[in-house]
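Presented below is the structure to which this report refers.
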Amino acid sequence: MRTTEIAIIGGGPAGLRAAISAASMGAKVTIIERNENLGGQLVKQTHMFFGSQKQYASTRGIDIAEILLKDLDKYKDRIEIMTNATVLSIFEDGVISIEQDDKYLKIKPQSVIVTTGASEKFLAFPNNDLPGIYGAGAVQTLMNVHGVAPGRSVVMVGAGNIGLIVSYQLMQAGIEVKAILDASPRIGGYLVHASKIRRMGIPILTSHTVKYAHGTDKLQKVTICQLDEKFQQIPGTERDIETDVLCISVGLSPLTELLWQAGCNMKYIPELGGHVPVRDKDLQTSIKGVYVAGDVAGVEEASSAMVEGRLAGLCAAKALGHATADFEELHNDCIEQLNSLRSGHVGEKIRKGLEQVAM
Amino acid sequence: MNKTASVVIIGGGISGASIAYNLAKKGVKDIIVVEKKFLTSGSTGRCGAGIRMQWGTEMNCRLSKFSTEFYETANEVLEYEGDIEFKQGGYLIVAATEKEDEQFKKNVALQNSLGIPTVYLTPKEAKKIIPHMDETKIISATFCQKDGHLNPFHTTQAFANAAERLGVKFMKYTEVTGIKVENGKVVGVQTDKGFISTPVVVNAAGGYSKQIGEMAGVDIPVYAERHQILVTEPVNQMQDPMYMGFALNVYIQQTPHGSFIMGRSGENEPRDLRITSSWDFTEKMAKDACTLLPMLKDLRVVRQWAGLYTMSPDRQPIYSKAGNVEGFYMSTGFSGHGFMLGPVTGVVMSEMILGEKPSLPIEKLGLDRFEKGELLFEPSVV
Amino acid sequence: MRIKEHPILSFSKGRKVQFTFDGKAYEGYEGEPIAAALHAAGVMVLGHSHDKQRPRGFYCAIGNCSSCLMVVNNEPNVRTCTEPLKEGMVVETQKGKGDLR
Amino acid sequence: MLEKTGVATEQDLARVTPSKERRAKGPVAVIECFQRIPCNPCQTACKTGAIKEFKDINDTPEIDHDACTGCGLCVSSCPGLSIVVVDETYSEEEALVKIPYEFLPLPEAGSFVTGLDREGKPVCRAKVVKVLNTKSMDRTPVVSLAVPKDMSMTVRFIKLNDYFSDNTIVCRCEELTMGELRELIRKGYNTVDEIKRISRAGMGPCQGRTCRQLIMQEIAAATGTKMADLTVSTYRPPVKPVKLGTIAGGEHGE
């Protein structure tokens, strides 16, 4: 059977950063990525990132992916990259099975860093399965990766960061955004993103939700309505908006299937998006040798995912005996960066969530 | 909260539900079924859910014939509002060795003598029944159209609903922690939700029945063994019967829903209560399926899972009362065939508990057969 | 509809290839997902659900959900939101749960 | 008021509503006809004599609720569509309301629709139990609706669009609707695993990715349980559907 020291499942921002740091310590690493290209969701992000310089602030996501790939290249003798490769299972004995280009293979790593990210949450309303109703991530992929417009006009559900950003990207691609709805009475995403949208004349309707989708073969219009403070629909506030695309962006939930399979101790933490693994300060889960980083450990920004990846990479390598003199320094730097990214008002929710999963 | 019952049945699988239904139908009041999780959460809900009358011992033939005939009208008899999805697409059992071929000839004669309409087929004839099989992999086959497949969840639910209408209480999410025996007699069952006073306890706990026996001080010579199984995406109907081979160690069937369910026995499966997944199973199963039914190579696996077989020394059920503890009964050791025997289990166990004359000669299936060395070895099992 | 110009992105496309969808000829770019090529050609309905016959378009675009299953080159249950387009592909609407051929 | 709005007032209704005791006994016709017009087919249709003979064809119908068997023959005979049959003995929690419905498409038996009150306001979810459309009904089919018991004197029409979203698809692969899911939860299947086993939701090609979270939300809402306290169904290999042939042709063994 194939072996490696550290298998990294997922080649997004967290996974790439984990690979770079583990390899820089001297570990032999295998990145397993289900897509054709590395970079994960970064390849769809046309906007500039927040954070500080250490997390590539003010650089566009698509360009951060390029930077990470260049860093990766420095350690190419120690990093094996598998693309088009989906991890199917982590078995009872730690063996990982993989499908790559219609081939089935297995690998037995000494440690594994799971950086599988998150998937979009769904929303239930009548006719929610009509063609024309898409996840925000799907719309992003379609237009930013494949250059295909999802339709003529869009109503966005969700005024969190993703909803706001994808709305902006839709306008960039020449597609009309008719309105952004959010069930909550307050805009969830960063207000600068919101201002950007408002400036273009797109209404953001807080305390609103989609009540009904209409269409025979595909979406033709949606009925929206207002919500009261208990999130109950207020009768008589319904109105119709004609649109051929409804985009759903109501949050992400960590993609934790593999962690469950591996037997990790999981906890339901709404602040972090759903079930997440309990972990120690080195990002090791309750199963020895299984580390996590990025959205799979709790939904946050790509900036913190990258720092977490770096931290997990360092610790996993150290645990396998690859110690460098500056380990403590690097370790502390990661912790400090994470603390600063999570400080302040916006990070409050994350901090509250993380307190509950610390081991 | 403390309770009193006339009978406590431990285990909410097909056996427990069927025994409860049959006892209640005979007029027994105050029956409680205690289930650690939810109905079918154990082996019943994890099984392949096939039913066949093609066996190598008279006992198994008769037990399964009784059950098959019951299942034919179970929706109506149990007045179930859903559908137990009984599909009688038959079992095509293939022989891959000369020895197996010889055994099959004997089996067919035995089965026919008991009124089971099995036929013996050449590979060519078998291929007519499952056109996508590679007939060069087999020597002969036997086929019984009356064999089939059911939905285990709905089937158990059908028994349970009927039992509930007759007054049976099901305590879900209730774990048995002890069985109280005084002066050689059962007096009650301790659970995490309180004590239940009862003079009769029925052990229908499947993989956990050895542990339940120990709680009453009864030694049952069974062990739990992990068996694995997988299911594919659904496709339009293409295979009516179950494809099964003993030497080939495989069973593959298409459910009415369209998905294929297939399983095999592992060489080194753990003999404890573990139900984790192994890659060894996935690979061997996929290989077997593609070799024997080559067309399935494009079928996608959606999920693999595992459940427990409760193995008895001769791979036949144990329908028995305990020799040393009065009021303690057991229905266990089905060795992978407990689901299909559900209907007969309920009938014979209720008769045993009520001291009635058994409908079938099950006295040979008692616990004492192991002490006496009177084992009834079943040759035809996966 | 294809996005012709974009302020941030430039789309590097594979070569143009021909394929058929339910017998009709279509054009797309090699390597892009089949569903993207169909979408670009205005085809939003990729099939109908097997029981309630509800129209289905693609939904997640990353091979997670089951919305985009189609028959491709005789193979049923292909996730067209991720399956790369190739020259001469025969793409068909799936009837029911699909037939193994 | 009725003249202005077309909606019967409480006083109007008080005159025609069968007593609580009568309603508790079984099906009974409710004739909401308040204006004197020349019309009597209801009386002609009535085979039990419960609808008393009209002295003047302009009389508003008078019905002896105790003599009425709730047969419903009058329902589709009323040109004004003002008669319904109410059966509060239908089940422990539900009443049956039979209404005339002259629209296409007809609702399907077994489906869920929105129950509307006399002002056309959605008031509850209703299950279509039966759609009767015989030749003698002459294109006025009668739809039997199961509604919450306290809605028996409120629901008078339906909208096929289900505002209460019971027709909403929860599981795409197996096409489980919200209504079916709620029904299962009501029957006591209140863990994801039980729902999965009895309905197959989550066993399809998407492996539960679209439905698992929605099912958990609905269980939490319906049972008043916190999401964190719900039992999670087990996760099993493989993460992505993979062909048997791919596995069979792969790297095997240790």
Side-chain angles (χ1 to χ4, degrees), chain B residues 37-41 44-46 81-82 85 151-154 156-157 160-161 164 170 172-173 228-235 252 255 257-262 275-291 293-306, chain D residues 91 110 127 129 171-176 180 183-212 219 223 225 229-254:
Chain B
K37 283 179 81 187
F38 54 88
L39 299 186
T40 76
S41 59
T44 297
R46 300 172 181 279
E81 58 172 15
E85 297 172 17
N151 179 316
F153 319 118
H154 284 285
T156 307
Q157 204 62 57
N161 289 358
E164 267 181 328
F170 285 83
K172 294 197 287 179
Y173 295 98
Q228 301 190 68
I229 184 165
L230 63 81
V231 64
T232 71
E233 290 184 319
V235 287
I252 302 173
T255 67
H257 166 258
S259 50
F260 276 75
I261 286 182
M262 54 188 81
I275 46 170
T276 47
S277 302
S278 81
W279 47 267
D280 186 59
F281 164 75
T282 326
E283 294 170 6
K284 288 185 174 143
M285 189 70 244
K287 256 192 167 163
D288 289 348
C290 295
T291 312
L293 306 174
M295 213 174 177
L296 303 192
K297 68 181 191 317
D298 287 333
L299 206 53
R300 292 175 186 79
V301 181
V302 169
R303 183 180 171 89
Q304 72 181 82
W305 72 94
Chain D
S91 78
K127 185 175 182 177
V129 175
C171 159
R172 286 169 186 245
C173 302
E174 298 299 336
E175 303 186 56
L176 180 79
E180 289 160 346
E183 185 69 16
L184 291 174
I185 297 172
R186 210 176 53 75
K187 282 186 184 160
Y189 301 104
N190 46 27
T191 58
V192 181
D193 255 326
E194 285 168 276
I195 301 276
K196 183 175 96 179
R197 291 189 182 190
I198 211 76
S199 73
R200 288 201 176 89
M203 289 188 183
C206 94
Q207 299 163 301
R209 285 202 183 82
T210 33
C211 58
R212 197 193 296 253
I219 293 172
T223 61
T225 319
D229 296 338
L230 292 180
T231 355
V232 186
S233 61
T234 41
Y235 289 80
R236 290 277 189 179
V239 164
K240 164 193 169 185
V242 58
K243 282 187 216 161
L244 283 165
T246 302
I247 299 172
E251 295 177 353
H252 288 186
E254 291 288 335

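Throughout, protein chains are lettered first and strands after them, A, B, ... in sequence-line order, and every chain is numbered starting at 1. Hydrogens, waters and symmetry mates play no part in the numbers below; they use all other heavy atoms, side chains included. Being a predicted model, the structure only gives us computed values, none of them experimental.
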With a 4.5 angstrom heavy-atom cut-off, could you sort out which part of [X] is near chain D: side chain, backbone, both or neither?
X      : value
B:Y173 : side chain
B:T276 : backbone
B:D280 : neither
B:I275 : both
B:D288 : neither
B:Q228 : neither

Heavy-atom pair with the smallest gap, counting every atom of [X] and [Y]:
X      : Y      : answer
D:R236 : B:S277 : NH1-OG, 2.9 Å
D:M203 : B:F153 : CE-CE1, 4.0 Å
D:K243 : B:K297 : CB-O, 3.4 Å

[atom1] of [X] to [atom2] of [Y]: how many Å apart, nearest 0.5 Å?
X      : Y      : atom1 : atom2 : value
D:I198 : B:F38  : CD1   : CZ    : 10.0 Å
B:L230 : D:I247 : CG    : CD1   : 7.5 Å
B:K287 : D:L244 : NZ    : CG    : 13.5 Å

inquiry  = Less than 4.0 angstrom from a charged side-chain N to a carboxylate O is my criterion; do B:E85 and D:R200 meet it?
reply    = yes
key: B:Q157 and D:K187: CA distance, side-chain angles, deciding distance, side-chain contact (heavy atoms from CB on, under 4.5 Å) verdict   = CA-CA 11 Å; B:Q157 204 62 57; D:K187 282 186 184 160; over 6 Å; no
ask   = When only pairs under 4.5 Å are counted, which of B:M285, B:K37, B:K172 shares the most heavy-atom pairs with chain D?
value = B:K172
Donor-acceptor contact below 3.5 Å, side chain D:Q207 vs main chain B:R303 = no
remark   = In terms of heavy-atom pairs under 4.5 Å with chain B, the winner among D:G245, D:P237, D:G250 is D:P237
